[in-house]
Amino acid sequence: MQLTAAAATNATVRAGRFEFEKRFWIISTIYLVGFLLSAFDDTSFIVALRHWIASSITRGSWDAAAFARIVIATGALFVFLSAALRTWGTAYLRTEVVHDSAQHSEALVADGPFRYTRNPLYLANLPMAVGIGVLASRSGFVFLLLANWIFVYRLILREEESLLKTQGELYRVYCRAVPRFWPSLRPRVAAGNHRPQWGQAFAGESFVWVFGAAELLVGMTLRPLTALIAFPLGFVAHFVITRRIQKRIK
């Protein structure tokens with residue numbers, strides 16, 4: 001089959017078991033490296049963008065501050081878009097599956113956002129990278145976008161391989177109907193019988209919502225210290241809430 005041949009061709013690109021199990025920490029490391037690139041590139045993405053589209057605005061002026069706030073607020077909207085998409089997907093896939101270090105391929109979920117794209121949760125990583133990336137340097141922004149894209153693509157190939165083994169022809173039919181990544185404008189498969197569980201979804205993805213709120217605070221204050229205080233709250237939310245949900249399920 002075409003999908004099987006593609007999986008064999010992409011064997012060297014597919015993520016390994018270690019990458020999948022440690023995906024949260026690898027993605028966190030990608031963000032850390034992206035922001036550390038400012039040590040080698042002292043021009044922020046916001047300043048570079050201002051020079052490109054509004055070169056008449058002078059540094060330190062009221063207009064420069066307003067421009068920065070607009071860019072950061074736009075970035076926060078991208079993060080909120082990511083949070084909404086992740087929450088929608090988690091409502092059907094469940095937090096204990098989404099954030100489990102083990103790989104789950106015992107069932108095929110084709111409801112909610114999975115009717116438009118096969119990987120809505122991985123797709124959500126890109127608007128989050130764009131949104132948070134506006135706070136980085138020029139090279140940091142590019143790195144965050146490309147590194148996230150490459151890594152989630154590797155994860156997608158690993159999950160496809162596993163689902164092909166467990167779901168067989170059912171998954172092949174689903175793959176022929178629903179795009180791998182970029183979503184269709186209309187649902188490509190009929191709705192199933194999965195009911196969304198919004199409470200656990202919002203709880204499990206609360207850390208992304210916190211990231212969006214943290215970026216809004218940065219936009220309002222234009223103080224980097226705000227990010228250093230607010231963004232760690234997202235990590236605390238991730239570990240505390242997801243651990244409680246996983247323990248409750250067990």
Worksheet item: So which heavy atom on Pro179 is nearest to which on Ser184, and how close?
Response: CG-N, 3.8 Å
Worksheet item: Are any side-chain N or O atoms of Ser137 and backbone N or O atoms of Gly140, one a donor and one an acceptor, separated by less than 3.5 Å?
Response: yes
Practice prompt. Take Gln200 and Thr90, measure what side chain to side chain contact (heavy atoms under 4.5 Å, CB included) needs, and give me the verdict at the end.
Written response: CA-CA 8 Å; Gln200 59 83 35; Thr90 304; 4.1 Å; yes
Discussion item. Can you confirm whether more than 12 heavy atoms, excluding those of Phe143, are under 6.0 Å from its CZ atom?
Written reply: yes
Discussion item. Could you walk me through whether Arg158 and Glu19 satisfy the salt bridge (charged side-chain N to carboxylate O under 4.0 Å, His left out) test, starting with their C-alpha distance in whole Å, then the side-chain angles of each, then the deciding distance to 0.1 Å, before giving a yes or no?
Written reply: CA-CA 10 Å; Arg158 178 177 178 82; Glu19 291 173 85; over 6 Å; no
Worksheet entry | Which atom of Arg69 lies closest to which atom of Met220, heavy atoms considered | NH2-O, 3.4 Å
Item to complete: Test the Arg23-Phe20 pair against the cation-pi criterion, namely NZ or CZ under 6.0 angstrom from the six-membered ring centroid and within 45° of the ring axis.
Response: yes
Worksheet item: Do we see a donor-acceptor contact under 3.5 Å between the side chains of Tyr92 and Gln197?
Response: no
Worksheet entry | Hydrophobic cluster identity match, Ile70 and Ile72, side-chain contacts under 4.5 Å | no
Worksheet item: Just by distance, with hydrogens left out, do Tyr153 and Arg14 show a side-chain donor and acceptor under 3.5 Å apart?
Response: no
Worksheet item: Should Tyr122 and Glu159 be marked as a side-chain hydrogen bond (donor to acceptor under 3.5 Å, both in side chains) after you check the CA-CA gap, both sets of side-chain angles, and the distance that decides it?
Response: CA-CA 11 Å; Tyr122 289 140; Glu159 293 198 7; 2.7 Å; yes
Worksheet item: Mind checking whether Phe181 and Trp149 have parallel, tilted or perpendicular rings, split at 30° and 60°?
Response: perpendicular
Worksheet entry | Test item: Asn148 side-chain N/O and Leu144 main-chain N/O as donor-acceptor pair under 3.5 Å | yes
Worksheet item: Would you say the ring centroid of Phe202 lies under 6.0 angstrom from that of Trp88?
Response: no
Practice prompt. State, without any angle test, whether Thr87 and Glu205 hold a side-chain donor-acceptor pair at a distance under 3.5 Å.
Written response: no
